[in-house]
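The next block holds one structure in the form of structure tokens; read it before the comments.
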Amino acid sequence: MNNDSQTGFYIPEPGVFPPELLVPDGTVRHDRNGVWVLMVCGGCARMEIDGIPHDLARGSIVALFPFHAIASGPLPDAFRCECLYFDFDFMSDFPLLFPPEISERFGSNPCYRIDEQGFARLERCFGMMRVYDRMAEHPSRTGITKALLFTFASELLYCCADRAKSVRTGRSEMLTDDFFRLLHRNYSVERTPDFYAGRLCVTAKYLSKVLRRTTGHTACFWIGEFRIKEARQLLRSTQASVAEIAERLGFPDSSFFAKFFRRHTGCSPVEFRRGNR
């Protein structure tokens with residue numbers, strides 16, 4: 001972030017995609033307690049959110065919460081988007097509250113396509129936020145930014161309101177979204193499809209059938225995938241021992257973890273860490 005960025009609010013330079021949302025080997029969850037909003041202004045790209053691909057083009061809006069798993073890969077040179085980030089606490093002292101539909105709608109359906117007229121209104125509001133975000137000496141900078149952010153979010157909700165019924169609202173898609181929200185919160189301690197199926201009031205067999213249809217993989221696959229990706233990240237970016245990582249991810253001991261890791265990656269945790277230093 002720039003040194004003069006407002007606490008809890010950030011707009012990168014034009015055309016700069018948040019580096020924390022790009023990783024060489026695929027999936028990432030941003031580690032901040034807030035929301036990234038992406039506005040696609042040009043070009044095309046594909047982003048996978050919770051295992052489901054979304055094709056992005058001008059007019060696409062993406063709202064990413066901490067529980068979303070994002071895989072974007074390399075972005076084409078022609079792809080352009082504007083981004084902003086705000087903490088959940090940034091608006092805590094603002095006299096007006098965000099409509100509750102904001103988190104509910106974008107938590108379930110993170111990607112929307114806005115018509116040109118609505119997108120132009122969002123671009124103008126975004127442009128004003130950028131202006132005030134850069135005015136570090138303005139005495140009312142933070143208050144104006146919060147008012148503009150409230151306006152932007154309210155306009156965004158309005159633009160998406162008539163699309164809510166047509167974008168990924170089938171039973172299978174809703175069940176898939178609910179599964180991934182549960183998985184983000186519980187994958188390190190709950191490792192059986194039965195747990196997630198029970199919380200979703202379906203059988204494990206039905207849950208895996210739906211996930212295979214919507215994402216191409218079963219519940220068991222995604223549970224293992226989340227744990228192995230977390231293991232890779234911890235081995236690559238921390239000094240925690242293999243035993244500590246095994247405990248953190250809910251394995252009974254380091255030997256069991258090592259077998260699991262080798263089965264999924266073809267190498268031991270120690271070999272993986274050595275190769276990524």
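Remember, it's a predicted structure, so these values are computed and weren't measured experimentally. Side chains included, hydrogens not; waters and symmetry mates left out as well; all remaining heavy atoms used.
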With rounding to the nearest 0.5 angstrom, report the [atom1] to [atom2] distance, [X] to [Y].
X	Y	atom1	atom2	value
L200	Y206	CG	OH	11.0 Å
R121	D115	CZ	CG	7.0 Å
R58	E116	CZ	CD	4.0 Å
F79	C44	CZ	SG	8.5 Å
L235	R273	CG	CZ	5.0 Å
L156	F119	CG	CZ	10.5 Å

Regarding [X] and [Y], does a basic nitrogen lie under 4.0 Å from an acidic carboxylate oxygen?
X	Y	answer
E190	R199	no
E155	R124	no
K229	E225	yes

Measure across A45 and P76 and return the closest heavy-atom pair with its distance rounded to 0.1 Å.
CB-CD, 4.0 Å
Nearest heavy-atom pair of T218 and S208: which atoms, and what distance?
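Minimum heavy-atom separation between T218 and S208: CB-OG, 3.9 Å.
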Do the side chains of F260 and H264 get nearer than 4.5 Å, heavy atoms only?
yes
Do the side chains of F126 and L148 get nearer than 4.5 Å, heavy atoms only?
no
Pick one: which of T176, L183, L182, L175 meets side-chain contact (heavy atoms from CB on, under 4.5 Å) with F179?
L183
Ring centroid separation for F90 and F9, is it under 6.0 angstrom?
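They qualify: ring centres under 6.0 Å apart.
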Hydrophobic clusters here meaning ILVMFWY residues chained together by side-chain heavy-atom distances under 4.5 Å, can you tell me if M128 and F94 are in one?
yes
Using the ring of each side chain (for Trp, its six-membered ring), is W222 parallel, tilted or perpendicular to F226, with breaks at 30° and 60°?
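The rings of W222 and F226 stand perpendicular, inter-plane angle above 60°.
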Please verify the inter-ring angle class for F251 with F257; under 30° counts as parallel, over 60° as perpendicular, anything in between as tilted.
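Aromatic pair F251/F257 classed tilted.
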When you measure from the side chain of S140 to the backbone of G143, do you find a donor-acceptor pair of N or O atoms at a distance under 3.5 Å?
no
With no hydrogens and no angle check, is any side-chain donor or acceptor of Y85 less than 3.5 Å from a backbone partner on G34?
yes
